[in-house]
Visitor: 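Pasting in a structure now, in structure tokens, and then I'll have a few things to ask.
In the text below, chain A, chain B and the rest are named by the order of the sequence lines, each starting its count at 1. These numbers were taken from a predicted model, which means no experiment stands behind them.
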Number of protein chains: 2
Amino acid sequence: MAERKTYHHGALRQALIDGAKEILAESGHEQFSLNEVARRAGVSTAAPYRHFTNRDDLLSAVAEEGYQTLAVDLEKATGLVGLGGAYVRFAHEHPGLFVTMFRSRPGGEASAAGEAAFGTLLRAVLAAQESGAIPAYASPELTARSIWATLHGLAVLHLQRPHERYGLGGEPEELATTTLSALLGVKPE
Amino acid sequence: MAERKTYHHGALRQALIDGAKEILAESGHEQFSLNEVARRAGVSTAAPYRHFTNRDDLLSAVAEEGYQTLAVDLEKATGLVGLGGAYVRFAHEHPGLFVTMFRSRPGGEASAAGEAAFGTLLRAVLAAQESGAIPAYASPELTARSIWATLHGLAVLHLQRPHERYGLGGEPEELATTTLSALLGVKPE
DNA sequence: ACCTGAACACCGTTCAAGT
DNA sequence: ACCTGAACACCGTTCAAGT
């Protein structure tokens, strides 16, 4: 292990990001260590500082890739309920990455991928309101933000309290369906 | 500073909890350090281990007191919307404590105070459904859990993205009102 | 330009020893 | 019974020095 490679034109940068994702997947955000990432890449603990200003900067880069993956997942989903399920499933399948995404860059700019993800949700809300699948108590924007909050809370609570089953089943899709229908009366199409 | 006191019959235990809360309020959960708590209490860094098995055990005790404070806050609130506002306000006023509460004891038992807080929400939902203030798409239990998820997501997102204003204003009560009314059509009574 | 080696202050935790 | 002092492995970060 710790095979010594030579990194050229920024290859180390991506290797560090990939290694960080590995650690997050294996041990979670709490256990993440910058030194450990360096060790896995086979470089000294000082090497990452040529590519990132500090630990948080690396985690921000990881978070950005996480937003891209999330945006792709959401785009593949169909309907408001499918979208909600995909959001909760993402958190469930990548807990370390999910936590990292929403802890990083306090006060930083919104990620482009994050905006795209919201846009996908917004379109689904618009369609659901127009078809009458959900009531239009408020504008699509406000409703979409509110649903995002709901899905986010659901995901976070489910990660931290997996034993308290929100709804009947433990499957992310079932959680999202049950919750959204309890609040909005939306039915799976 | 670091005045050397003598602690008797468990007085150090509470002093450590209080010191931990201070640090959480000043610097947040991320910056929390067990050694720092010991320093503030004027004891050695090994002393806390007579009262807590480790760092997480101390934070769990802190979290439990947080749940008690939250339960009291919620009980003082009136109506579903008032309750939602109180929840979001608690997170807004005690961010470090709030994060600690929902990060601690993974798989541990639910706190009694946490259960009490949920009971308060449940009663408010029941009343709102009976008066017709909100639609009864689902059982009060399921609706209460769903609303909790919404409030939690709102609180978390607002802590991490204070610049993205959910709804028009930044006040916790306004956030909760706007969101709940967007989802449930509930009006402030 | 990119990485190493060694150092710094700090952390959580342990343990023998003091009172 | 409760706390100290000193140690351990580990962390994030810096910086002179190597290639």
Visitor: Counting side-chain heavy atoms from C-beta on, which of C:dT4, D:dC3, C:dC11 comes nearest to A:Ala47?
Guide: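 So the side chain of A:Ala47 is nearest to C:dT4.
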Visitor: Can you find a side chain N or O atom of B:Arg13 that sits less than 4.0 Å from OP1 or OP2 on D:dC3?
Guide: no
Visitor: Check salt bridge (Lys or Arg N to Asp or Glu O under 4.0 Å) between A:Glu30 and all other residues, then give those that pass, not counting sequence neighbours.
Guide: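 Salt bridge (Lys or Arg N to Asp or Glu O under 4.0 Å) list for A:Glu30, sorted by chain: B:Arg103.
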Visitor: Under the rule for ring-ring contact (aromatic ring centres under 6.0 Å, His included), what residues qualify as partners of B:His29, not counting sequence neighbours?
Guide: none
Visitor: Could you tell me the separation between the CD atom of A:Gln31 and the C1' atom of D:dC11, rounded to a whole number of Å?
Guide: 12 Å
Visitor: Just jot down the side-chain contact (heavy atoms from CB on, under 4.5 Å) partners of B:Ala138, sequence neighbours excluded, or say none.
Guide: A:Ala182, B:Leu142, B:Thr143
Visitor: Holding to side chain to side chain donor-acceptor pair (under 3.5 Å), I want the full list of residues that pass it with B:Glu22, two or more places apart in sequence or in another chain.
Guide: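 Testing B:Glu22 for side chain to side chain donor-acceptor pair (under 3.5 Å), a comparison that skips the adjacent residues, returns B:Arg40.
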Visitor: Using a 4.0 Å cut-off on protein heavy atoms (strictly under), produce a 5'-to-3' string for nucleotides 12-19 of chain D with B for base contact, S for backbone-only sugar-phosphate contact, and - for none.
Guide: BBBB----
Visitor: Say whether, by atom type as modelled, one donor and one acceptor occur between the side chain of A:Arg55 and the main chain of A:Phe32 under 3.5 angstrom.
Guide: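 Yes, the answer is positive, given that a donor and an acceptor are paired below the 3.5 Å cut-off.
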Visitor: Rounded to whole angstrom units, what separation is found between the CZ atom of A:Phe52 and the P atom of C:dC2?
Guide: 13 Å
Visitor: Mind calculating the distance between CD (B:Glu30) and P (C:dC11) to the nearest angstrom?
Guide: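 Distance check: B:Glu30 CD to C:dC11 P gives 15 Å.
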Visitor: For B:Arg89, check salt bridge (Lys or Arg N to Asp or Glu O under 4.0 Å) against everything at least two apart and list the hits.
Guide: B:Glu93, B:Glu171, B:Glu173
Visitor: Return one dot-bracket line describing DNA chain C 5' to 3' (Watson-Crick or G-U wobble pairs, both distances under 3.5 Å; ( ) same strand, [ ] crossing, | another strand, . none).
Guide: ||.|||||...|||||.||
Visitor: Name all residues meeting the side-chain contact (heavy atoms from CB on, under 4.5 Å) criterion together with B:Asp18; count only those two or more places apart in sequence or in a different chain, and write none if there are none.
Guide: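 For B:Asp18 the side-chain contact (heavy atoms from CB on, under 4.5 Å) partners, ignoring immediate neighbours, are B:Gln14.
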Visitor: How would you list, by chain and number, every residue that makes a salt bridge (Lys or Arg N to Asp or Glu O under 4.0 Å) with B:Glu65, sequence neighbours excluded?
Guide: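 Counting only residues at least two positions away or on another chain, B:Glu65 forms a salt bridge (Lys or Arg N to Asp or Glu O under 4.0 Å) with B:Lys21.
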